[in-house]
Asks: 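Here it is: the structure, laid out below.
First the proteins, then the strands, lettered A, B, ... as listed; each starts at 1. All of these numbers come straight from a predicted model, not from anything done at the bench.
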Amino acid sequence: MYYSKLLIPTLKESPADAEVISHKLMVRAGMIRQLAAGIYSVLPLGLRVLKKVENIIRDEMNRIGGQEVFLPSIQPAELWQESKRWDFYGKELLRIKDRHDRDFCYGPTHEEVITDIVRKEVKSYRQLPQILYQIQTKFRDEVRPRFGIMRGREFIMKDAYSFHADEEDTKKTYEQMAQAYANVFTRCGLKFKQVQADSGTIGGSFSHEFAVLADSGEDEIGFCDECGYASNIELAESRPVSSTTPADGEDKLNEVHTPGKKSVEEVSEFLGIPDKQIVKTILLENENGLVAGLVRGDHEINTVKLKNFIGCEWLLPASEKTIEEKLGLPCGYIGPVELDIPVYADQALFTLQNFVTGANKADTHFTGVQVQRDLKVREFGDFRSILPGDPCPKCKNGIYQVKRGIEVGHIFILGTKYSEAMKALYLDSNGKENLMIMGCYGIGVGRTAAASVEQNHDEKGMVWPLNLAPFSVVIIPVNFKKEDLKNTCESIYNQLLEMGIEVLLDDRPDRLGVKLKDADLIGIPLQIIVGPKNLEEGNIEIKIRKTQESQLHPFPQAIKDIPNILKDL
RNA sequence: CGGGAUGUAGCGCAGCCUGGUAGCGCACUUGCUUCGGGAGUAAGGGGUCGGAGGUUCAAAUCCUCUCAUCCCGACCA
């Protein structure tokens, strides 16, 4: 392509509302423009990158037997009512009415639609398994969209769904998907981790996410370098604690006056005891009422783990209002002693004794509290979030590290959640009806591109890996008005095209500096700079974007080497 | 949804406190010069000051409402 024919509106300054580097650079490079909060237009250069990502995904999906389909973005409410998600999904589901006042939604995901197709068209075990995927725009009405294309409300997503006759087969496809995902992100040039994850509102039993490590990520990933165990912090297991508590030196339960001291920090300072000797009582609410979670003062409760343990539909921190209304207790002084709701205690309490808790009375705490003597704990378990430096749960010597990650892919085994709700059945070889077992597998296309920028940039701009770069090579004439330079550039351009290389010729009348700055900003891997002095001596300059290394090469011979240079990038 | 902030030319901003009819840098157009890392110069085009209402002789500026966008949190994945 000729640069002058493309709309690449680059900017010298970043827009004021961009926070993360990928957002700033993609706007500056003229790849995206915001239309409304969390809604972006993708301009030609940006689309070239997204198509690269999509095509890598297509290739890997097709390789494991995926079949591409195109599904409606507007979906009827009936389908969502059938799966019970019409009520469950909440405000994130953008609901719309048509002219007949019928309810529809803009699809945030497509389990319902795909299950509807398969239940109608697939009847026999002979037709299973089926792996179907789509690459389309979805819409989730996020409370707070941010970070440009990384967390928009409208976004492009690849979603694959698989249908199986049995769990073993589902598992097999799940593993193939995991491998395909690893291939995709490797080909995209990303440093990523496959981590254990919670399945959230999508549902299902088994799930991993693919996280690109980056400081701007919204997920926290706990991992062990010794054995490779990695998990979203929501799920990251603590090493089990043995339940033996030495019974020596028991103190008496003692009430102390702690005026105005509510937080662990305040109480610890006031009483002059370490925060590890304090037990926090967190009141949570679910569909069945209030429950209490106990964790050590230096730990944080993990509501995802507790929710999964209890097996409830939802679990949220109770508001101060609810606590005062339902229990009549003052916030900040709540404790587990004589507390008349189910109490779930983190296993770290096994080894604690003579600790401090709230006394369920304003300005008062208990000291000398003992688990066995003073508390009625319904269950002990792993209910806290791990911390960096905690011992790895899977190996002897490993230590947890915690880093931030961008969730670019997520795979789930759904089981029969949707096939049951929507009656997706097949006949087995005995002529008996069975529920199909399902899996679903998503990749955020735009997010993957943005994650790549987060990982590959410098102060001059983006540094695209070859596989995602909008063009592989940019030819930069020092002066395109000079006939001989122009001819040389066009000849290089045509030769590279012949070789099947995606090449951009910067034919703009601008000065060299402008063209070099833009080339650096948009991050094309290889720059060929053609100037009169070098050309007179039979040379052209080839510069590698990533390293900024520049070398003179004999012209025209060097053109033949370009594919090799690209290969080595 | 709670807290905070901002809306003035395509982009980045000043002006607002102390009302007097809109400005700077970049970008854009034209001429001349320049031409290997975001050129210099001269001339120019472009703004219902987010919107509505109010106060006033007079509102970008003061008041009220509203909309939009961003940040922090909660939420979501």
Asks: Could you give the distance separating G50(B) and U8(B) at their C1' atoms, to the nearest angstrom?
Replies: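 U8(B) and G50(B) have their C1' atoms separated by 10 Å.
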Asks: Give me the distance, rounded to whole Å, that separates G40(B) from C57(B) when you measure between the C1' atoms they each carry.
Replies: 48 Å
Asks: Nearest-nucleotide wise, let me know which of Arg28(A) and Glu407(A) is further upstream toward the 5' end of RNA chain B.
Replies: Arg28(A)
Asks: Quickly work out the Asp518(A) CG to A27(B) C1' distance and round it to whole Å.
Replies: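 These atoms are roughly 12 Å apart.
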Asks: For nucleotides G53(B) and A58(B), find the distance between their P atoms and express it as a whole number of Å.
Replies: 15 Å
Asks: Say whether, by atom type as modelled, one donor and one acceptor occur between the side chain of Glu454(A) and the main chain of Ser22(A) under 3.5 angstrom.
Replies: yes
Asks: From CD of Glu459(A) over to C1' of G38(B), roughly how many Å is that when rounded to an integer?
Replies: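 My rounded result for the distance is 15 Å.
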Asks: Can you check whether Met150(A)'s main-chain N or O pairs, donor with acceptor, with Arg447(A)'s side chain at less than 3.5 Å?
Replies: yes
Asks: Using the closest heavy atom to pick a nucleotide of RNA chain B for each, name whichever of Glu92(A) or Arg153(A) lands nearer the 5' end.
Replies: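 Its nucleotide being nearer the 5' end, the pick is Arg153(A).
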Asks: Does the base of G38(B) carry an N or O that pairs as donor and acceptor with the side chain of Asp510(A) under 3.5 Å?
Replies: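 Checked by distance alone, the answer is no.
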Asks: With a 4.0 Å limit, can you tell me whether Arg511(A) has a side-chain N or O closer than that to the phosphate oxygens OP1/OP2 of A39(B)?
Replies: yes
Asks: Rounded to whole angstrom, note down the C1' distance from U61(B) over to C76(B).
Replies: 42 Å
Asks: Could you tell me if the side chain of Ile74(A) sits less than 4.5 Å from the side chain of Tyr106(A), heavy atoms only?
Replies: yes
Asks: Going by salt bridge (charged side-chain N to carboxylate O under 4.0 Å, His left out), name the residues that satisfy it together with Lys305(A), two or more places apart in sequence or in a different chain.
Replies: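 Testing Lys305(A) for salt bridge (charged side-chain N to carboxylate O under 4.0 Å, His left out), a comparison that skips the adjacent residues, returns Asp382(A).
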Asks: Could you tell me how far U69(B) sits from C11(B) if I compare only their P atoms? Round to whole Å.
Replies: 15 Å
Asks: Please work out which residues in residues 4-16 of chain A have a non-hydrogen atom less than 4.0 Å from an atom of RNA chain B and list them by number.
Replies: Lys12(A), Glu13(A), Ser14(A), Pro15(A), Ala16(A)
Asks: State, yes or no, whether a side-chain contact exists between Trp80(A) and Pro108(A) at a heavy-atom distance under 4.5 Å.
Replies: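 The answer is yes, as the side chains (C-beta and beyond) meet within the 4.5 Å cut-off.
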Asks: Compute both the distance and the angle, then confirm whether Arg140(A) meets the cation-pi test with Phe155(A): under 6.0 Å from the six-membered ring centre, within 45 degrees of the axis.
Replies: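 Negative - Arg140(A) is either too far from the ring of Phe155(A) or too far off its axis.
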Asks: Distance check, P atoms only: A60(B) and U48(B), in whole angstrom units.
Replies: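 My reading of the P atoms in A60(B) and U48(B) gives 13 Å.
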Asks: Using the C1' atoms only, state how far A14(B) lies from U55(B), rounded to an integer number of Å.
Replies: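 Their C1' atoms lie roughly 27 Å apart.
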Asks: Can you list everything that forms a side-chain contact (heavy atoms from CB on, under 4.5 Å) with Phe309(A)? Sequence neighbours excluded, please.
Replies: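 Counting only residues at least two positions away or on another chain, Phe309(A) forms a side-chain contact (heavy atoms from CB on, under 4.5 Å) with Tyr344(A), Glu379(A), Phe383(A).
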Asks: Would you say the base of G37(B) and the side-chain of Lys543(A) have a donor-acceptor pair closer than 3.5 Å?
Replies: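 Present.
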Asks: In whole Å, measure the gap between the C1' atoms of G2(B) and G25(B) for me.
Replies: 38 Å
